[in-house]
Amino acid sequence: MAPTPIDPSGVACSEFLPDPGLSRAEMESLQRKLATTATFADDHGVDPAAVAIDEPADLTDGLPGARQETLSGTHAEGDDAGDSDAPVVVGIDQAFLTPEDGEERAVSAAVAIRDGDVIEYASATTPLSIPYVPGLLAFREGEPMLAALDTLSVEPDLLVCDGSGRIHFREAGVATHVGVLLDVPSVGVAKSLLCGAPDEPTDERPAGWQTPIRADESVETAGVGGGAADGDTAAPVIGHAYQSRQYPNSRRVNPLYVSPGHRVSPATTVEFVDALCAGYKLPEPTRIADAYADAAKRDAA
DNA sequence: GCGACAG
DNA sequence: ATCTTGTCGC
């Protein structure tokens, strides 16, 4: 099914499509508009405990098989599919094909997980028309992501994106773009900080540790209403640094930088990521999508 | 002008 | 993101 031309929020999807003709200023303008449309508060009805993953997937011997959904009209008891009432979490990641001579292509890989098990894989290979520019990542990778998500048969209750959401110069990272366009709850998980500042230093923190990331001078806050002179108001929390894993000694692990994409609050974003991590630095949906993207890339090559 | 910046 | 083997440490 083709992407909806206009999403429920009133943002025209066509404006979002990668367009080499769009100037940088125009793309930035669209992001400000998108940020105004985005919701950085909880509006999802998904309990973090309901999406928790306890056992990490074993990726040393290939990808985990997708468990078949029960296809019969009625619920079957005792089949090997998980709880079909549990929320569906979709992790998505990209890999790239850059031939010496040919055109650059993106391989988008989406993994749907329910009740701790992979229930579906979906990927799409798309030509890229825009180079990577910090702050404009969504205009490069957003379309490929939508293409992969479009082939999924299940509806995501929560989307876990690679990269930032609200932690962005205009509060419109790729997780926000995709979340708003599909009007699905989404969070962004980044391995490095794009902008903003942590309340506390993030070095050598134990697993489970977190600290708020607040908007700094480089962040244009969309906010609500007119221009209130924020003289002594604390800068808004746009995300968190979250230490998902740490080694007992020596070698240090950097924290993740997690932020709301759409319809999720900063605090709940951390809860989701915490629940989705199962012993590795990256949350399982992202970790599996990452492996799937590499596999799909090999097949495409 | 310099810095600085997800994937 | 991508180009890439071995290697230090739990």
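Here is the naming used below: chain letters follow the sequence lines, and residue numbers restart at 1 for every chain.
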d(CD, E104(A); C1', dA1(C)) in whole Å: 9 Å
Sugar-phosphate, base or nothing in reach of L256(A), heavy atoms under 4.0 Å: nothing
Axial cation check for Y280(A) ring with R287(A), 6.0 Å and 45° limits: yes
Interatomic distance where CD belongs to Q94(A) and P belongs to dT2(C) [whole Å]: 10 Å
Donor-acceptor contact below 3.5 Å, side chain K191(A) vs main chain L256(A): no
CG-CD distance between D162(A) and E141(A), expressed to the nearest 0.5 angstrom: 8.0 Å
Euclidean distance, atom CG of residue D290(A) to atom C1' of dG7(B) [Å, nearest integer]: 11 Å
Phosphate OP1/OP2 of dG7(B) contacted by S192(A) side-chain N/O (<4.0 Å): yes
Euclidean distance, atom NE2 of residue H168(A) to atom P of dA4(B) [Å, nearest integer]: 19 Å
Atom-to-atom span, CZ of F169(A) to P of dA6(B) - whole angstrom: 8 Å
Nucleotide dC10(C), atom C1' - distance to OH of Y280(A) in whole Å: 14 Å
Sugar-phosphate, base or nothing in reach of Y132(A), heavy atoms under 4.0 Å: base
Selection from dG7(B), dT2(C), dA6(B) that lies nearest to any side-chain heavy atom of E141(A): dG7(B)
Distance in angstrom units between M145(A) CE and dA1(C) C1', rounded: 14 Å
Stems where DNA chain B pairs, listed by first number, each of three or more Watson-Crick or G-U pairs under 3.5 Å: none
Length of the line joining F139(A):CZ and dA6(B):P, which is rounded to integer Å: 17 Å
F96(A) side-chain proximity, nearest of dA6(B), dA1(C), dG7(B): dA1(C)
Considering all heavy atoms, the nearest R114(A)-V88(A) contact: CD-CG2, 4.0 Å
Modelled atom types, side-chain donor and acceptor of E120(A) and S153(A), under 3.5 Å: yes
Touch class at under 4.0 angstrom, heavy-atom based, for Y257(A) against every strand present: nothing
Touch class at under 4.0 angstrom, heavy-atom based, for T98(A) against every strand present: nothing
Among dA6(B), dA1(C), dT2(C), the one nearest K191(A) by side-chain distance: dA1(C)
Gap between atom CG of D183(A) and atom CG of D43(A) - 0.5 Å precision: 8.0 Å
Test of ring centre spacing under 6.0 Å for H240(A) and Y257(A): no
